Amino acid sequence: MAIDCYKLLQLDKENATTSDIKKAYRKLALKHHPDKQPVDATKEQKEKANAAFQHLGMAYAVLSDPKRKERYDRTGSMDESEFEGEKDWNAYFKELWTGVVNSETIEAQKLKYQGSEEEKKDLLAAYETCKGNMDHILQSVECSTAIDGERFEKIVRAAIDEKSVPVFKAFDKTTTSKAHQKRIDLEKKEELSFSKQQEKEKKKKNTQKQEKDDGSSLLAMIQNRSKERHAKMNSIIDSIEEKHGKKRKEPDMPSEEEFLKLQAKLFKKK
């Protein structure tokens, strides 16, 4: 498991602070979380995103722990045995996230982050990094969705007016009313598709469970009916045997004396 923790979290090893590590992990974990992947993503893409998410968790687990970080900074390697075996990475993500935001939920963090100076700083940095492309900006700023596009546009335009950020042609092209609505419609479509897919998978699991239960019930019913038929047939046979046994009761055998008299009588006639 040779992974570069600092490279994964996009951090400078020499200058990364505890706050930087938490912030970088929080942003990238949200971006690569399995639940954030497009509904139409291929199996390969999903596996790739899941692997990236797991590696982010490992990198954060190392760099956020003083002892692990000291050992990693000194040796350049981590204790791989700590990450062996199966693990519920979704639960692990929640566990790490709780540590990042001091027991606040992700939704609470979203409310705290949106509209803050931290978000504004991240937005303007993303604006320059993405060369003004709002599609890319929305993918870069944590907790953002298509509906944040117009809000982000106002903040960036104010910064442009103040000449604190440069002007990019892509910004005007990707912030028209049509562009904003297109992103919102696409996001709603993806959410609906995702919900339908989830419901479909849920129904499929329920159907499979029901079929399994029905199969077990049917088998039990057949076995019970077979036993009942077998018992009933045995009862009928016993009844028939008993009935005919009385009709076909063997006659009493003649005594030796009677047999000799009968024999003598027969020979006398001859």
Side-chain angles (χ1 to χ4, degrees), residues 9-10 22-53 56 89-90 93-94 97 100-101 104-162 164-202:
L9 295 178
Q10 300 175 12
K22 289 180 179 180
K23 183 178 177 182
Y25 167 74
R26 188 175 63 195
K27 182 184 296 184
L28 292 170
L30 278 176
K31 180 179 179 181
H32 292 285
H33 192 280
D35 290 347
K36 298 282 285 184
Q37 302 314 305
V39 179
D40 58 352
T42 64
K43 182 179 179 181
E44 184 180 356
Q45 290 173 324
K46 289 179 180 178
E47 289 178 350
K48 187 176 180 181
N50 191 53
F53 175 67
L56 285 171
W89 287 101
N90 192 50
F93 167 76
K94 290 179 179 178
W97 186 272
V100 171
V101 296
E104 291 181 23
T105 62
I106 294 176
E107 283 302 312
Q109 168 60 20
K110 180 178 178 179
L111 293 173
K112 179 180 177 181
Y113 176 75
Q114 290 188 333
S116 67
E117 283 299 314
E118 181 183 9
E119 182 194 49
K120 180 179 178 180
K121 182 179 178 182
D122 291 344
L123 169 59
L124 296 179
Y127 167 76
E128 294 197 47
T129 301
C130 300
K131 304 298 182 184
N133 189 312
M134 184 57 73
D135 293 333
H136 298 163
I137 293 171
L138 287 167
Q139 292 177 4
S140 301
V141 180
E142 121 184 24
C143 300
S144 63
T145 61
I147 202 170
D148 294 305
E150 292 180 303
R151 181 170 66 87
F152 284 177
E153 180 188 357
K154 292 178 182 178
I155 295 173
V156 172
R157 290 201 182 282
I160 291 175
D161 291 340
E162 294 171 0
S164 56
V165 293
V167 177
F168 294 106
K169 291 182 179 179
F171 185 66
D172 287 332
K173 291 181 180 179
T174 57
T175 56
T176 62
S177 297
K178 187 176 180 179
H180 284 309
Q181 193 58 50
K182 183 179 179 180
R183 280 189 294 267
I184 292 172
D185 291 343
L186 178 60
E187 192 169 89
K188 285 181 179 178
K189 184 178 179 180
E190 289 179 347
E191 288 177 355
L192 181 61
S193 179
F194 180 75
S195 297
K196 287 182 177 179
Q197 183 65 29
Q198 291 289 88
E199 188 63 28
K200 185 177 179 181
E201 290 178 2
K202 184 179 178 180

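In this chain, residues are counted from 1 in sequence order. Because the structure is a prediction, the values reported are computed rather than measured.
- Sorted by first and then second residue, the pairs that involve residues 125-137 and meet salt bridge (Lys or Arg N to Asp or Glu O under 4.0 Å), not counting sequence neighbours, are D135-R183.
- How far CD of E150 is from CD of Q181: 8.0 Å, rounded to the nearest 0.5 Å.
- Here the closest heavy-atom approach between residue M134 and residue G149 is recorded as CE-O, 3.8 Å.
- Residues F152 and E119 are in side-chain contact: their nearest non-hydrogen atoms beyond the backbone lie under 4.5 Å apart.
- Of all heavy-atom pairs spanning L28 and L9, the tightest one is CD1-CA, 3.7 Å.
- In this structure, the side chains of V156 and L124 come closer than 4.5 Å at one or more pairs of heavy atoms.
- No donor-acceptor pair under 3.5 Å is formed between the side chain of T129 and the backbone N or O of A126.
- Salt-bridge formation is detected for the pair R151/D148: a Lys NZ or Arg NE/NH1/NH2 atom is positioned less than 4.0 Å from an Asp or Glu carboxylate oxygen.
- With sequence neighbours left out, E153 forms a side chain to side chain donor-acceptor pair (under 3.5 Å) with R157, H180.
- Taking SG from C130 and CG from L138, the interatomic distance works out to 9.5 Å, rounded to the nearest 0.5 Å.
- Taking the side chain as every heavy atom from C-beta outward, Y127 and I160 approach each other to under 4.5 Å.
- Proximity of F168 to T174: side-chain heavy atoms (C-beta onward) are nowhere separated by under 4.5 Å.
- If you take NZ on K188 and CD1 on I147, they are separated by 7.0 Å, rounding to the nearest 0.5 Å.
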